[in-house]
Amino acid sequence: MPAAPQFQSEFLRTFVERGAYYDCSGPAELDGLFAKERVTAYIGFDCTADSLHVGSLVQLMTLRRLQQAGHKPILLMGGGTTKAGDPSGKDETRQLLTNEQIEANKQSILSGIRHLLKFGDGPSDAILVDNAQWLDKLEWIPFLREVGRHFSVNRMLSMESVKLRLDREQPLSFLEFNYSIMQAYDFVELYKRYGCRVQSSGSDQWGNVVSGIDLGHRLVGTQFYGLTTPLITTASGAKMGKTAAGAVWLNAGRVSPYDYWQFWRNTEDGDVGRFLRLFTDMPLAEIKRLESLQGAELNDAKKILATAATAILHGSEAADKAADTARRAFEDGAMAEGLPTITAKLPDGILNLAVAAGLAASNSEARKLITNNGLKLNDAAVSDPKLMVDASALNADGVLKLSSGKKKHVLVKPA
RNA sequence: GGAGGGGUGCCCGAGUGGUUAAAGGGGACGGACUGUAAAUCCGUUGGCUACGCCUACGUUGGUUCGAAACCAACCCCCUCCA
């Protein structure tokens with residue numbers, strides 16, 4: 001990571017202090033820009049799913065901090081680029097999404113992050129922009145003549161993202177090759193429409209950001225700037241945001257506030273301070289104190305992290321509720337309401353219930369879980385896969401608790 | 001368009017006619033130890049109405065008592081050439 005320059009502007013200083021700074025172009029000028037005026041900056045996201053996940057959270061926090069510092073964030077949704085079908089990442093071509101799906105995804109993504117950013121018409125309110133607005137209307141030849149001529153294939157081939165692919169002998173379609181051109185073009189459009197001169201992104205997007213800056217020079221003769229955030233990995237080196245159940249989605253419909261809270265609660269020791277800085281608004285002095293806690297005491301810091309991070313995404317009410325549910329479930333060993341809950345008709349076989357509760361993907365898996373002593377009914381290990389569960393297993397509140405391992409609990413209510 | 005190489009389970013990757021539901025690794029899940037952490041160790045890792053049955057090695061068809069392995073056609077990917 002490049003050494004962070006000594007910035008003067010409030011925004012960039014905070015950005016560095018909170019560990020979100022990786023690199024930027026023209027640091028001195030950019031710093032001056034942030035110090036003297038309200039800056040409009042954007043970050044782009046794809047619309048391939050109906051929710052963003054934790055991997056995008058650093059970027060979203062960047063928008064949030066821009067807003068907090070009085071600047072204007074633009075959330076650029078890749079409605080146009082998604083229509084083309086981004087072939088990156090996987091070796092299979094992704095299924096093309098219909099316009100309706102993309103629109104639905106866009107709305108869903110937006111609803112999932114409504115606590116993170118304030119949208120509106122105010123000077124530092126965030127705005128949502130969809131690049132389909134301009135990409136859809138482009139014409140091939142005029143576009144090539146106006147924009148395409150500024151791109152050197154020689155240089156594009158040497159870009160990290162492209163080179164990596166070629167070196168690994170993985171397919172790289174022409175479509176994908178064009179992505180950096182479309183992204184660069186987005187930057188220019190956002191400048192024309194909103195006076196946006198700053199693009200933020202993950203450090204892996206540096207090449208594309210630079211392309212946009214170059215294009216700005218050539219097309220409109222204006223100096224653009226790039227600001228990147230580091231790739232966040234856990235202390236033990238894993239990519240952040242993947243758990244048992246898959247990606248940690250931001251939308252409550254995919255990952256409940258309770259599960260989201262749990263995700264942060266299970267942060268590795270070595271990450272607590274860093275994550276507090278990156279993913280909460282907590283004052284730095286307080287973070288310093290929390291991360292200095294030793295051993296088991298660090299668990300308290302993790303709870304604070306979990307509640308603060310959940311509050312930013314889902315609101316403080318939901319966060320407090322998740323914290324309370326967790327406290328009762330883990331510390332009091334109670335059947336705290338607020339745990340994930342399903343309804344099922346009883347009596348039913350234990351295997352069916354475990355599958356219905358999402359604790360196992362199939363009866364076989366549930367069976368294996370039992371063999372490994374991992375499935376619990378009301379905190380008692382189940383040993384018989386043929387066990388029939390009936391109303392006698394219900395507690396005073398009329399629910400029963402199924403658990404896989406020590407951490408995953410699901411309440412079952414009779415239908 | 002031509003020549004060559006390749007498509008195996010969540011991922012990577014062995015396997016060139018039977019003992020292969022498929023070595024090994026990664027990941028994931030469970031157990032032990034802990035602090036709902038990390039590291040370590042152990043177990044599990046296609047499905048089912050389960051000592052048996054079904055489905056699986058790009059697709060379809062064929063050879064064979066028997067195929068992921070052999071043959072044919074097709075689809076897709078990579079490399080080089082034009």
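Just so it is clear, the model here is predicted, and its values are computed rather than measured. In what follows, every chain begins at residue 1, and chains take the letters A, B, ... in the order their sequences are listed. All heavy atoms count here, side chains included; hydrogens, waters and symmetry mates do not.
- B/U49 atom P lies 12 Å from atom CG of A/Asp348, rounded to whole Å.
- Atom CG in A/Leu298 sits about 12 Å away from atom P in B/U36, given to the nearest Å.
- Using atom C1' as the reference point in both B/G15 and B/G62, the two lie 23 Å apart (nearest Å).
- Of the P atoms belonging to B/A72 and B/G13, the separation is 26 Å, rounded to the nearest Å.
- Look at the C1' atom in both B/U60 and B/A67: the space between them is 16 Å, to the nearest Å.
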Contact letters for nucleotides 37-43 of chain B, in which S counts primed atoms plus P, OP1 and OP2 and B counts the base, heavy atoms under 4.0 Å: BS----B
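- Checked against the 6.0 Å centroid criterion, the rings of A/Phe15 and A/Phe7 do not qualify as a close aromatic pair.
- The aromatic rings of A/Tyr191 and A/Phe224 sit tilted relative to each other, their planes meeting at an angle between 30° and 60°.
- Within 4.0 Å of A/Gln262, counting heavy atoms only, lies at least one base atom of the nucleic acid.
- Side chain of A/Leu369, nearest nucleotide from B/G31, B/U36, B/C29: B/C29.
- Partners of A/Tyr42 under the ring pair (Phe, Tyr, Trp, His ring centres under 6.0 Å) rule, at least two apart in sequence or in another chain, are A/Phe187.
- Among the atoms of the strands shown, only primed sugar atoms or phosphate atoms (P, OP1, OP2) are found under 4.0 Å from some heavy atom of A/Gly405.
- Using a 4.0 Å heavy-atom distance criterion, A/Ala326 is classed as a base contact.
- Separation of the C1' atoms belonging to B/U34 and B/A38 is 10 Å when rounded to the nearest angstrom.
- Nucleotides B/U59 and B/C76 have their C1' atoms positioned 10 Å apart, rounded to a whole Å.
- Between A/Phe330 and A/His409, the gap from one ring centroid to the other is short of 6.0 Å.
- Residue A/Ser362 has its side chain nearest to B/C48 when only B/G30, B/C48, B/U36 are considered.
- Residue A/Asn363 is classed as a sugar-phosphate contact, given heavy-atom separations below 4.0 Å to backbone atoms only.
- Proximity of A/Lys368 to the phosphate of B/A28: no side-chain N or O atom is located under 4.0 Å from OP1 or OP2.
- B/G52 and B/G5: their C1' atoms are spaced 43 Å apart (whole Å).
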Output a table of donor-acceptor pairs, distance under 3.5 Å, between side-chain atoms of residues 108-117 of chain A and any protein atom two or more places apart or on a different chain; print 'none' if there are none.
unit_1, atom_1, unit_2, atom_2, d
A/Ser108, OG, A/Asp50, O, 2.4
A/Ser108, OG, A/Asn251, ND2, 3.1
A/Ser111, OG, A/Ser108, O, 2.9
A/Arg114, NH1, A/Ser111, O, 2.8

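- Looking at heavy-atom distances under 4.0 Å, A/Trp261 makes contact with a base.
- A 6.0 Å sphere centred on CD of A/Gln6 holds no more than 12 heavy atoms belonging to other residues, nucleotides or ligands.
- Side-chain contact between A/Leu250 and A/Leu60 is present, with at least one heavy-atom pair separated by less than 4.5 Å.
- Within the nucleic acid shown, A/Thr371 has no heavy atom closer than 4.0 Å to any nucleic acid atom.
- Computed from coordinates, the A/Phe330 CZ to B/U34 C1' distance equals 15 Å when rounded to whole Å.
- Counting non-hydrogen atoms under 4.0 angstrom, A/Lys303 reaches nothing in the nucleic acid.
- Other residues, nucleotides and ligands contribute at most 12 non-hydrogen atoms within 6.0 Å of the NZ atom of A/Lys413.
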